[in-house]
Amino acid sequence: MTDQTLIILGASGDLTARLLLPGLGALLTAGHVPGLTLIGAATDDWDDARWRQRVHDSFGEAGPAAVDVAGRARWITADVTHTDDLRRLLGEARGPAVIFFALPPAVTAKACEALLGVELPPGTRLVLEKPFGTGSAAAAELNALLTRLVPEERVHRVDHFLGKSTVLNILGLRFANRIFEPVLDATHVESVEIVFDENLALEGRAGYYDKAGALADMIQSHLLQILALLTMEAPFTLAAAEFRDRKADVLRATRLWDDPATSSLRARYTAGDLDGRKLPDYADEPGVDPSRGTETLAEIVLAVDTWRWAGVPFRLRSGKAVGDSRKEAVITFKRPPRVPDGLRGCDQQDRLRIGFGPDHLALDFNINGPGDPFELDPVTLGADFGQGDLPAYGEVLRGVFADDPTLSVRADTAEQCWRIVEPVIDAWHSGAVPLREYPAGSSGPTLPLPL
Ligand SMILES: O=P(O)(O)OC[C@H]1O[C@@H](O)[C@H](O)[C@@H](O)[C@@H]1O
C-alpha cells in the first residue's frame, strides 16, 4: 500500500462537488488508491468538519474505504496563487502528491507560476481540467510552464469523455472487428456527425460557462477527443505513448472545412419550455453578462486531411436547453453504387450510430422485411454497450493515481485542439458570424452539410 495525497486547489467550487468528488468516491469504493489522504484548499474560511461534510455528501453512497478517506479529509485555507501557501500545503502531503487544479484557466496559470518556487516531492502529478488555457498561445505558454515543474508524463489534462465506456468502446468496435474498419474511410463514408445536444441549460454555472461557451466547453475538448478516436489509425498497442501519438497524428490533420461563415454556427437560447420546466432567456440567467454574447449552441464542420478521410465532412455540434436530447456519433455511409431495377423502397442510407447516453450501438440498413421480398424495409441491429466499472471521472482519475497518462490529453494535442477551433473563435469575435437565437426546448438551428 503506497501512500498518496490528493490536494485539490479550488476545492470549494462546483467542479469539485459535481464531478471530481463523486468520481473519487466511486474509485475508492471500488478498492483503488488505498492509502489516500485528501486535502481540500481554497481561500474560503472552511474547517475540516465543513470540508468532510462536502466530501461525504458528494461521495453519495460510498463503501468503507471512501468513508474512511472522507472522515480523515483535511481542509487548509490557502491562497493557491502564493508560493508560501503552496509550500505549506505540500508540506502536509504523505507520499507523492497529486495536485488537482479545480480552478479557472487564468488562476491555474498563476498557481503554476507560484509552484515554481516550491520544491515538489518526487512523483508529484499535476491534474488540470478543461478548458486547458484560452487559446493555442495560452495553452503553449501553460505547457511550457508545466514542463518546468514535472515531466510531461506526470501532467494529466483531464477530459472525462475519454473515461466514458462508450467512448472507449470506439476502440474495440473499430479495431477488434473485421467488418467495420475496412469501410470506415472516404470511399464508403459520406459524412460523420458527433452531436451532444443536452436538455440541461445553464444550471447555475454562469461563473464558468458564461466565459467558456459551447465551443470551448464541449467541442474544443470532448467532441474533438471523440473525433480523434473515430478517425485515428490503429495503434500497435494501447500503451500511452502510442495511443496518444495516433490521436495526435489525426488531430494535426484536422481543420475547419471552409470559411467560418459557412462552416460554423453559434446560437443562444431564449426563454422557452423544456420538459415542463420554464427556462428564462439565457441573457436573463443569474450571473450572465449578456454583452459577452456567449453561445449556448455551437456547430462546426471539419475536414480530416488524411488519406483515409480526405473529403468527408465531420459535423461537431453541442447545444444546451435543446428539446431533443441527442448524444451520439453517426457515421452515414454512401449509397450503394447501383440498386438493381426491381428492388424497391431502399432509400435509407446505412448508418452506424454510437450513443453516448443512452449508451447504445446501432447499425441501420435495408433488408426485405415480411411480405414482398423485393420491397425493402429499414432495419436496425442494436447492442447495448456495457457499463464501465467506474463513472467517467473515476476512470480518468484511476489513470492519474496509477501514474498512467494514457487517458490524459497530451500537451501537443491540447494545443492542436485550440488550433482547430481558433479560426472560428476569431471570426465570432470579429462579428463575421451572427449569434442566432433558438427558444429553449426547440431543436436549435443547424448547418447544411457540404455533400
Ligand atoms: O454527460 P456528462 O458526462 O455530464 O458530460 C456533459 C458535461 O460535460 C462537462 O464537461 C461540460 O462542462 C458540461 O457543460 C456538460 O453538460
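One-based numbering, in listed order, for ligands and for the atoms of each. In this text, all values refer to a predicted model and were calculated from it rather than measured experimentally.
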- Query: Between Arg174 and Leu229, is there a donor-acceptor pair closer than 3.5 Å when you use the side chain of the first and the backbone of the second?
  - Reply: yes
- Task: Classify the contact between Lys327 and ligand 1 as side chain, backbone, both or neither, using a heavy-atom distance cut-off of under 4.0 Å.
- Result: neither
- Item | Side chain, backbone, both or neither: the part of Phe196 lying under 4.0 Å from ligand 1 by heavy atom | side chain
- Message: Donor-acceptor pair, distance only, cut-off 3.5 Å: does the side chain of Arg266 make one with the backbone of Glu295?
- Response: no
- Between Glu299 and Arg315, is the closest basic N to carboxylate O distance under 4.0 Å? yes
- Protein heavy atom at shortest distance from atom 16 (O) of ligand 1: Glu198 OE1, 2.7 Å
- Taking only heavy atoms of Lys130, which atoms of ligand 1 are found under 4.0 Å from at least one of them? 9 (C), 10 (O), 11 (C), 12 (O)
- Query: Considering His160, Glu203, Lys164, Glu129, which one's heavy-atom position lies nearest to atom 8 (O) of ligand 1?
  - Reply: His160
- Message: With a 3.5 Å distance limit and no angle check, can you tell me whether Thr254 reaches the backbone of Val250 through a side-chain donor-acceptor pair?
- Response: yes
- Using a strict 4.0 Å cut-off to heavy atoms of Lys320, name the atoms of ligand 1 that fall inside it. 13 (C), 14 (O), 15 (C), 16 (O)
- Message: Any side-chain to backbone donor/acceptor pair from Thr147 onto Ala144? Under 3.5 Å, distance only.
- Response: yes
- Query: Between the main-chain N or O of Val195 and the side-chain N or O of Arg326, is there a donor-acceptor pair closer than 3.5 Å?
  - Reply: no
- Identify the closest protein heavy atom to atom 13 (C) of ligand 1: which residue and atom is it, and at what distance? Arg205 NH1, 3.4 Å
- Examine the proximity of ligand 1 to Phe356 and report which part, side chain or backbone, both or neither, has a heavy atom under 4.0 Å away. neither
- Query: In terms of atom number and element, which parts of ligand 1 are under 4.0 angstrom from non-hydrogen atoms of Asp217?
  - Reply: 11 (C), 12 (O), 13 (C), 14 (O)
- Task: State, with a plain yes or no, whether a side-chain heavy atom of Val167 is found less than 4.5 Å away from one of Ile354.
- Result: no
